[in-house]
Structures are given as C-alpha cells and as structure tokens.
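Here the structure comes first, spelled out in structure tokens, and everything after it is commentary.
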Amino acid sequence: MAKSTYSAKDIQVLEGLEAVRKRPGMYVGSTGPKGLHHLVYEVVDNSVDEALAGHCTSVEIVIHADNAISVTDNGRGIPVDKVPKYRKTGVEVVLTVLHAGGKFGGEGYKVSGGLHGVGVSVVNALSKRLDVEVKRDGKIWTQSYEYGKPKGSLEATGRSKATGTRITVWADDAVFVAVDFDFDTISTRMQETAFLNRDLKITLTDERELEPRRVEYRYSGGIVDFVKHLNQKKDTIHGRPIYFDSTSSEGEVEVAMQWNTGYSEAVLAFANNIHTHEGGTHLEGFRSALTRVVNDYARRKDILKEKEENLSGEDIREGLTAIISVKLIDPQFEGQTKTKLGNPEMRGFVLSTVMQGVAEYLEEHPRPARGIVSKAAQAAKARAAARKARELTRRKGLLESSTLPGKLADCSLSDAALCEVYLVEGDSAGGSAKQARDRSFQAILPLKGKILNVEKSGLNKALTSNEIQAMITALGTSIGEEFNLEAARYHKAIIMTDADVDGAHIRCLILTFFYRYMREMIEAGYVYIAQPPLYKVTQGRKQQYAYSEKELQEILAGLDEKKHSIQRYKGLGEMNPDQLWDTTMDPSTRTLLQVTVDDALAAEEAFSDLMGTQVEPRREFIQRRAKDVRFLDI
Ligand code: 0RA
C-alpha cells in the first residue's frame with residue numbers, strides 16, 4: 001500500500017502557518033515594532049532554554065545590514081534525525097509545527113506558555129526567509145525556508161566538532177509595519193536576560209552602521225548584579241544585596257534585594273525569565289513573607305513597642321529594589337497580558353524560602369537590620385502624616401474639582417474625551433496660551449517656576465505645594481490610592497515648556513509627578529508633550545518654522561539667494577498668541593508626543609537619574625538629553 005506523501009500532519013502544519021499569517025497579532029502581540037521585536041526574543045528564548053537545561057553558555061545576536069537577525073548558540077543543536085510522529089527531521093518540526101518546542105526533548109524549564117514561547121515556527125511563518133544551521137553529530141546541517149515553508153530538505157553541508165544552532169530571519173515586510181530593529185530595545189532586553197541567567201554570555205552586534213556597535217553581557221553575580229545595577233545611582237541602606245535561593249520539587253526560586261534611601265518600590269518578579277508584570281503567586285509569597293519576618297524581628301528586638309501597630313507591607317517595601325526569579329516546569333500564565341503567574345504551589349514555596357532567607361540575614365547582620373526596620377518605621381510615620389494632610393486638604397475641598405484652581409482657564413465643553421489642558425510653564429506663556437487657545441475644548445493651567453521635586457520630597461510635602469494642588473484639582477482624578485481615571489476632566493494633559501534646559505527640567509518634574517502619583521494617566525495615554533518650534537525663518541513675507549536642527553537645515557537649503565533671518569525661540573513667551581496657536585496648539589498642524597511607560601525598568605532608571613538624591617547623574621542626564629524628550633517615549 002502506497003502511503004500518501006501528503007499526510008494529515010502536513011495539512012495541519014500548513015493550516016497552522018496560515019493561521020499565524022492571517023492573525024499575526026494573536027501570536028506576537030502586534031504587527032508594530034513590539035511584535036517585530038518579539039520575533040527576536042522568541043528565537044533567543046529557545047537558545048536560553050538550552051542554557052536553562054545546562055547545555056549552552058553563549059548566545060550571539062547580530063543585526064545584519066539588511067535588517068536580518070541571526071541568533072547563534074552553542075547548545076546541543078536542534079535534533080536532525082526524523083521524529084517518527086511527524087516523519088520529518090527535528091529541525092523541521094521545531095520550525096514548522098506550532099508549539100512543537102516541548103513535544104520532544106521536553107525535559108527541563110522552558111520559557112513556554114507565556115507571552116513568548118509561541119515557538120520558532122511562528123517566527124518562521126512571519127518571515128520571508130529563514131535560514132537554519134545546526135552543528136551536531138560532527139556535521140553542519142543547513143536548510144532554508146520561505147514564508148514558513150522549506151525550500152529543500154535538511155542537508156549536511158560540512159563538518160564540525162562543535163555543537164549549536166544558528167537561526168537567521170528576514171522578517172516579512174508585508175506583515176510588519178516596518179522591519180527595522182532597534183538596537184537599544186534589544187540591548188536592554190538582552191541585558192535583563194543575562195542578569196536572569198547567571199554567567200550566560202549574550203552579545204549583540206549591529207552591522208548596519210559602518211562602525212558596528214557591539215555589547216556583551218555576562219554577569220557572574222546574576223540577579224545580585226541586577227539589583228546592584230538598578231540601585232547603581234542610589235544611596236543604599238546596606239552594603240551588599242541580600243541573596244538566597246532554594247530548590248525543591250516545585251522548582252527553583254532565587255531572590256536578591258537591597259533597600260535604598262528613596263521612596264519608591266521596585267520589586268520585579270520573573271517566572272522562567274518572563275517578566276511577570278501583573279505579579280502572581282510568587283510575588284504574593286514574597287510580600288507576605290517579608291511583612292511577617294520584618295515585623296517579627298522588630299518585635300523581638302523591641303524596636304517595635306508592644307503598643308505600636310505592625311509595620312505595613314507597603315512601608316517595609318519603601319525604597320526596596322528586589323528581583324524574584326522562579327523557574328518551574330509547567331508555568332501557568334494568567335491575567336490580561338498573560339504576565340501573572342498562577343501556579344498555587346509557588347506561593348508557599350516562595351513564602352517559606354523568603355521567611356528563612358530574610359530571617360537569617362536580619363539575625364546575622366544586626367546593623368543593616370536596624371537600618372531596614374527604622375526606614376520602614378519612618379515610612380509608616382510619613383504615611384500617617386500624609387494621610388492626615390490629605391484628609392485636611394480634602395476637608396478644605398482642595399483635592400476635589402468642585403473648587404477649581406483660580407489660575408485655571410477652563411474650557412467650555414464638558415465631555416472629558418474632547419477636552420485638553422495645557423500645563424504651561426510660567427505666567428507669561430500662560431497668558432499667551434490663554435489668548436491663543438480654542439476655549440471650547442482647550443484649558444490652560446499656568447504653573448509657576450519649578451514645581452516641587454516629588455521624588456525627593458515625598459507625598460505629604462508634595463501636597464502642600466500650590467502648584468501640585470492646582471494640577472490635582474484641575475485634572476480631577478485625585479492621586480495615589482484614591483486615584484480615579486474616570487474622574488479625569490481632560491483626556492489630554494499637555495505639558496508645554498520652553499525649549500531650553502530649564503524647560504526640560506520642569507517637564508521632567510511634571511512627568512515625575514505623573515509617574516509617581518498618576519501613573520494610570522500615562523498608561524491611559526492621556527499625557528502628552530507639546531512640541532514648540534525651535535526656529536522661525538523669515539524671508540520677505542514668508543515665515544517657516546523649524547522643530548529640529550535638521551528641519552532648519554532643510555528649510556535653509558530650500559531658500560533662494562534673497563536675504564533671510566533666523567530667529568531662535570528660547571521661550572514660549574517670544575511667540576505671539578497667533579504664532580503659538582499655529583505652531584504648537586492647533587490640532588490640525590501641531591505635533592504632540594504621547595508619553596508612555598512601557599518599560600518600567602528604563603523609566604525607573606530615567607526618573608531616578610533625574611530625580612534621585614544624587615546630583616551628578618541628574619546633571620549628566622539633563623546635559624545629555626536636554627534636546628531630546630523622546631527618551632520618555634519608551
Ligand atoms: C528540541 C530538542 C532539543 C533541543 C532543541 C530542540 C533546541 C532548539 C533550539 C532552538 C535554538 N537553539 C536550540 N537548541 C536546541 C534537545 C536535543 C537533545 O536532546 O540533544
């Protein structure tokens with residue numbers, strides 16, 4: 001009996017690839033830059049799985065001149081012999097069967113089931129070409145694919161004693177909005193991966209420039225180095241990060257933690273290298289253990305008196321930077337973005353590990369232990385004071401929009417979705433903006449000088465600032481625990497500051513305020529930065545505006561010989577209301593930058609560079625980035 005050469009399995013494979021190409025967003029999130037970069041992470045994750053299994057020490061990523069990406073590892077190499085169930089080579093199964101990753105050789109932890117872990121076959125389906133090279137069994141094996149389909153069979157094309165896999169992909173420009181990769185985006189992510197996999201060497205090379213850019217990450221301290229890196233520009237309470245780990249039948253857990261003198265909490269939880277943004281059982285276990293242990297210790301050492309209340313978890317975590325990394329065989333990812341760990345067994349496992357690890361540390365390091373407890377006690381006092389201040393201001397109606405600030409020139413429409421408020425630096429620019437605006441939907445709130453630095457001052461002090469109160473009441477959402485996005489009076493809050501260093505500073509202060517107390521405004525996409533022009537070029541009666549140096553050069557190149565003049569706008573005040581409307585406020589012609597907080601890690605770094613207690617990073621940062629506000633658009 002002749003077997004059909006075209007089996008049911010083949011049809012399944014083709015249908016699978018078709019499904020991916022029909023709905024790429026379902027598999028990689030989007031067809032924008034985020035989805036495109038997922039392709040890279042997906043391929044890299046497979047190499048990292050080899051590292052997790054203990055068979056791979058190095059991953060090399062190259063962005064080639066034509067935007068192809070290759071990922072090379074020194075793992076075992078994808079199996080080249082036939083997998084009976086599919087009557088195809090292991091290579092072809094991995095590259096064409098959806099979710100094949102764990103179907104054979106499925107032992108060990110895998111980055112599967114989450115946002116990634118959709119399998120390299122998805123990458124293959126979304127690539128106009130993919131080349132694979134495997135070194136295994138003394139040979140070099142190669143095969144090429146187009147749009148997910150093999151162009152020929154896997155062939156031995158050379159000899160090698162080494163083992164490993166190289167996958168090179170050319171993303172399909174008919175699927176993705178654009179196929180150019182961003183070095184910094186990949187680099188940041190690879191650094192994170194390197195921190196999470198102690199001693200794994202990851203290199204990234206960009207061959208698109210004449211002078212190739214290259215970074216190499218390898219951390220012998222693993223997540224301890226990660227915590228040091230996050231706290232690098234902060235003043236810490238104790239010398240070395242606390243570290244402990246544990247392995248059981250449930251899996252592995254590793255924790256590194258260190259307090260700094262700041263007010264924010266940066267506890268990042270990972271499961272099988274995936275950043276679990278939405279938290280989950282491992283984070284719950286960590287939090288309850290920490291709260292219990294620190295309170296137990298404080299009571300036992302009589303730092304917390306009998307009549308005093310327990311320290312709250314929030315108070316204990318103020319200024320804490322920590323990484324919790326768990327590895328488990330069968331991770332369950334839940335939540336809206338599938339970044340919440342669901343495995344119930346992780347709660348108790350992490351809890352008991354953290355209880356023991358932290359208790360031991362506190363017992364053995366009495367001096368840092370006192371520092372940690374007294375920091376928490378201070379936080380508790382500050383929080384109580386802030387609550388009082390808030391109650392006081394609320395009683396006075398200051399946080400409610402029933403009494404709008406006197407300086408606010410409100411708009412007449414009441415549908416928040418249509419309304420915008422300009423937060424304008426200085427009374428004089430505020431005056432121009434008031435004259436320029438379309439009062440039906442544009443409100444103006446002038447802010448005086450430097451608003452208070454909220455990172456340094458803490459909530460209760462921030463609340464006593466008139467400028468901050470004016471912003472809160474105008475925006476209508478209240479702040480912190482009482483924040484309510486639905487109460488927002490405007491769906492656009494547009495920060496408009498001068499195009500100089502002071503302007504950049506004030507912009508950052510306002511953004512820090514949003515970041516710390518109204519983060520949901522940023523997440524909802526309600527926060528924007530206005531883009532006033534830098535130059536006006538006048539020739540005869542014709543005026544043109546330039547928003548960057550490059551635009552200025554382009555305008556100048558287009559001018560004929562006649563005399564022209566260039567005016568450099570240093571402040572908004574130098575424009576008359578008509579000019580301000582035309583260049584910066586007219587929705588049909590203006591450009592607004594939408595502020596997004598996508599990468600909490602980078603944002604945390606940017607904000608503490610700018611706003612932390614150390615002065616030097618701040619100066620450097622402002623000098624480096626004063627002209628470029630796009631750094632926030634991450
Ligand atoms: C299936 C089974 C085995 C390894 C791999 C896949 C594998 C896949 C990729 C993708 C990129 N690099 C990779 N390295 C390995 C186990 C092989 C064995 O048991 O020898």
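Order of appearance sets the numbers: ligands from 1, and atoms from 1 within every ligand.
- Counting heavy atoms under 4.0 Å from ligand 1, residue Pro79 touches it through the side chain alone.
- For the pair Ser160 (side chain) and Lys139 (backbone), a donor-acceptor distance under 3.5 Å is absent.
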Test Thr168 against Asp131 for side-chain hydrogen bond (donor to acceptor under 3.5 Å, both in side chains), laying out the working first. CA-CA 5 Å; Thr168 309; Asp131 289 355; 5.6 Å; no
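- Those atoms of ligand 1 that come under 4.0 Å of a heavy atom in Asn46, given as number and element, are 10 (C), 11 (C).
- Where the criterion is an N or O separation shorter than 3.5 Å, residue side chain and backbone included, Asp73 meets it with respect to ligand 1.
- For the pair Arg189 and Tyr41, the cation-pi criterion (under 6.0 Å, within 45° of the ring axis) is fulfilled.
- The main-chain N or O of Ile167 is never found under 3.5 Å from a side-chain atom of Glu133 such that the two would form a donor-acceptor pair.
- For ligand 1, the atoms lying closer than 4.0 Å to a non-hydrogen atom of Glu50 are 4 (C), 13 (C), 14 (N), 15 (C).
- Of the inter-residue distances, the one linking Asp245 atom CG with Ser325 atom OG reads 10.5 Å to the nearest 0.5 angstrom.
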Test Thr72 against Arg166 for side-chain hydrogen bond (donor to acceptor under 3.5 Å, both in side chains), laying out the working first. CA-CA 4 Å; Thr72 310; Arg166 167 179 295 148; 2.9 Å; yes
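- Heavy-atom contacts of Thr165 reach the following atoms of ligand 1: 11 (C), 12 (N), 13 (C), 14 (N) (cutoff under 4.0 Å).
- Contacts between Val71 and ligand 1, counted as non-hydrogen atom pairs separated by less than 4.0 Å, are absent for every part of the residue.
- The part of Arg136 lying near ligand 1 is the side chain, judged by heavy-atom distances below 4.0 Å.
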